[in-house]
Amino acid sequence: TKKIIINTLPYYFISIIGWFSGYGNNFIINLYFDSFDIAAFTFIYTLSGVLLMVSNSLNQVWAPRFYKEFNIKSLADLEKNNNFFYGMLAVFLGIAVSLIVVIYPFIINYIGGNLLFYLNMEVELYIVLLTYIIYTPIWHCRIHFYANSVGKSLMKITAISSLFGLLSMVLCMNVFSNIGIYYGFLSITIFNLLFIATISKRKWELNISWSKLFVGIGISFITFYLTYFNYEIIYSIIFIIISIL
């Protein structure tokens, strides 16, 4: 039990860094902007949590199967299934983001009240939602760190990449003002992805499905483009249906 507790300590530190890269960002935002920007980020980030719940649910279904097969199958066979799952997860999240982008203004208008202050924040919402699509290869890599019990290595990668990301966020807020909050938030995930994908490639020669990742990003971006530039909603709906098919 003592050994287990000691080996899990890096993961607690990773969780703290994860919090600081999410809701903890409000402390940084508070240094530059007023309470509305803090409230807006908190609202957008909380709303995007729906996507995180879906992602975590699917991950919790997949992870036990991965761990069960970890000591049975070769890395090549294991990665074939892993690559397919996380590739399809990226595509699925791309479609889910598209649906959220389309229905967002209708939900805000329907609820009304103070939420109307956030009605014209489609760009900010999309950027935050986009981070979850980009995050799928990170989950792909992380599951190998968990299976191989190399929490210290994962902790170092998370700490260093998050430091670069937070510095990037400060830079974005200084250069781009309010929208820089969301560019910075996106940069945290991008730095995390670059670091963990590079290290994982060296350790295990992982086969990340970059093509499906870009398909997921492409689906979400086209829907966002159609919605943001006020094309008829029927075009977005048709495109989403085609994407699902």
Side-chain angles (χ1 to χ4, degrees), residues 11 14-15 17-19 21-22 44-45 47-67 69-70 75-101 125-148 150 153-154 157-158 161-162 164-165 168 182-224 240 243-244:
Y11 299 106
I14 290 168
S15 296
I17 296 173
W19 172 83
S21 300
I44 294 293
Y45 185 64
L47 181 63
S48 69
V50 174
L51 210 59
L52 181 61
M53 289 173 62
V54 174
S55 303
N56 282 339
S57 298
L58 293 173
N59 270 305
Q60 287 170 7
V61 171
W62 173 249
R65 180 176 176 179
F66 176 88
Y67 296 137
E69 296 177 345
F70 180 74
L75 180 61
D77 290 336
L78 195 66
E79 268 302 278
K80 184 179 179 180
N81 294 333
N82 213 29
N83 179 37
F84 176 78
F85 172 78
Y86 285 105
M88 291 308 298
L89 178 60
V91 175
F92 176 78
L93 290 180
I95 294 171
V97 168
S98 297
L99 290 169
I100 294 172
V101 166
L125 175 66
Y126 176 68
I127 293 172
V128 173
L129 292 174
L130 181 62
T131 60
Y132 292 107
I133 305 175
I134 297 174
Y135 210 91
T136 49
I138 298 176
W139 282 314
H140 183 150
C141 297
R142 274 192 169 195
I143 201 168
H144 285 275
F145 283 86
Y146 298 147
N148 287 282
V150 282
S153 179
L154 181 60
I157 293 169
T158 305
S161 63
S162 295
F164 276 93
S168 174
Y182 303 91
Y183 292 149
F185 181 77
L186 179 62
S187 72
I188 293 173
T189 299
I190 292 174
F191 274 111
N192 198 341
L193 174 58
L194 291 175
F195 273 78
I196 198 169
T198 302
I199 301 299
S200 300
K201 184 72 175 177
R202 292 176 186 171
K203 282 180 174 288
W204 301 296
E205 291 291 326
L206 302 189
N207 182 26
I208 295 173
S209 183
W210 297 109
S211 60
K212 289 188 179 70
L213 173 65
F214 288 116
V215 168
I217 293 172
I219 290 171
S220 68
F221 179 77
I222 292 172
T223 307
F224 168 73
I240 292 172
S243 299
I244 293 171

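One-based numbering along the sequence shown.
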Determine, step by step, whether Lys80 and Asn207 satisfy the side chain to side chain contact (heavy atoms under 4.5 Å, CB included) criterion, reporting the C-alpha distance in whole Å, the side-chain angles of both residues, the deciding distance to 0.1 Å, and the verdict. CA-CA 8 Å; Lys80 184 179 179 180; Asn207 182 26; over 6 Å; no
Say you draw a straight line from [atom1] of [X] to [atom2] of [Y]; how long is it, rounded to the nearest 0.5 Å?
| X | Y | atom1 | atom2 | value |
| --- | --- | --- | --- | --- |
| Ile133 | Ser55 | CD1 | OG | 9.5 Å |
| Leu51 | Leu99 | CG | CG | 10.0 Å |
| Thr136 | Leu193 | OG1 | CG | 8.0 Å |
| Ile134 | Leu93 | CD1 | CG | 11.5 Å |
| Glu69 | Asp77 | CD | CG | 9.5 Å |
| Ile100 | Leu125 | CD1 | CG | 7.0 Å |

Does a sphere of radius 6.0 Å around CZ in Phe224 hold more than 12 heavy atoms from other residues, nucleotides or ligands, not counting ones at 6.0 Å or beyond? yes
Atom CZ of residue position Phe84 - does it have more than 12 heavy atoms of other residues, nucleotides or ligands inside 6.0 Å? no
Tell me, do [X] and [Y] make a side-chain contact under 4.5 Å, heavy atoms counted?
| X | Y | answer |
| --- | --- | --- |
| Tyr135 | Leu89 | no |
| Arg142 | Ile14 | yes |
| Trp204 | Cys141 | no |
| Leu154 | Ile196 | yes |
| Asn82 | His140 | yes |

Heavy-atom closest pair, residues Ile17 and Ser162: CG2-OG, 3.1 Å
At their closest point, which heavy atom of Ser153 faces which heavy atom of Lys203, and how far apart are they? OG-CE, 3.6 Å
Evaluate the criterion side chain to side chain contact (heavy atoms under 4.5 Å, CB included) for residue pair Leu130 and Ile217; output intermediate values, then yes/no. CA-CA 7 Å; Leu130 181 62; Ile217 293 172; 4.0 Å; yes
Answer with yes or no after comparing the ring centroid distance for [X] and [Y] against a 6.0 Å cut-off, counting only values under it.
| X | Y | result |
| --- | --- | --- |
| Phe70 | His144 | no |
| Tyr132 | Trp139 | no |
| Phe195 | Phe164 | yes |
| Tyr146 | Tyr11 | yes |

Side-chain donor-acceptor pair present, Ser168, Ser187, cut-off under 3.5 Å: yes
Distance-only donor-acceptor check, side chains Ser220 and Tyr126, under 3.5 Å: yes
Going through the checks in order, is the side chain to side chain contact (heavy atoms under 4.5 Å, CB included) test met by Tyr183 and Leu186? CA-CA 5 Å; Tyr183 292 149; Leu186 179 62; 5.6 Å; no
Mark yes or no for whether Asn83, through its side chain, and Ser209, through its backbone, hold a donor-acceptor pair below 3.5 Å. yes
Test side chain to side chain contact (heavy atoms under 4.5 Å, CB included) on Tyr86 and Ile208; report intermediate values, then the result. CA-CA 8 Å; Tyr86 285 105; Ile208 295 173; over 6 Å; no
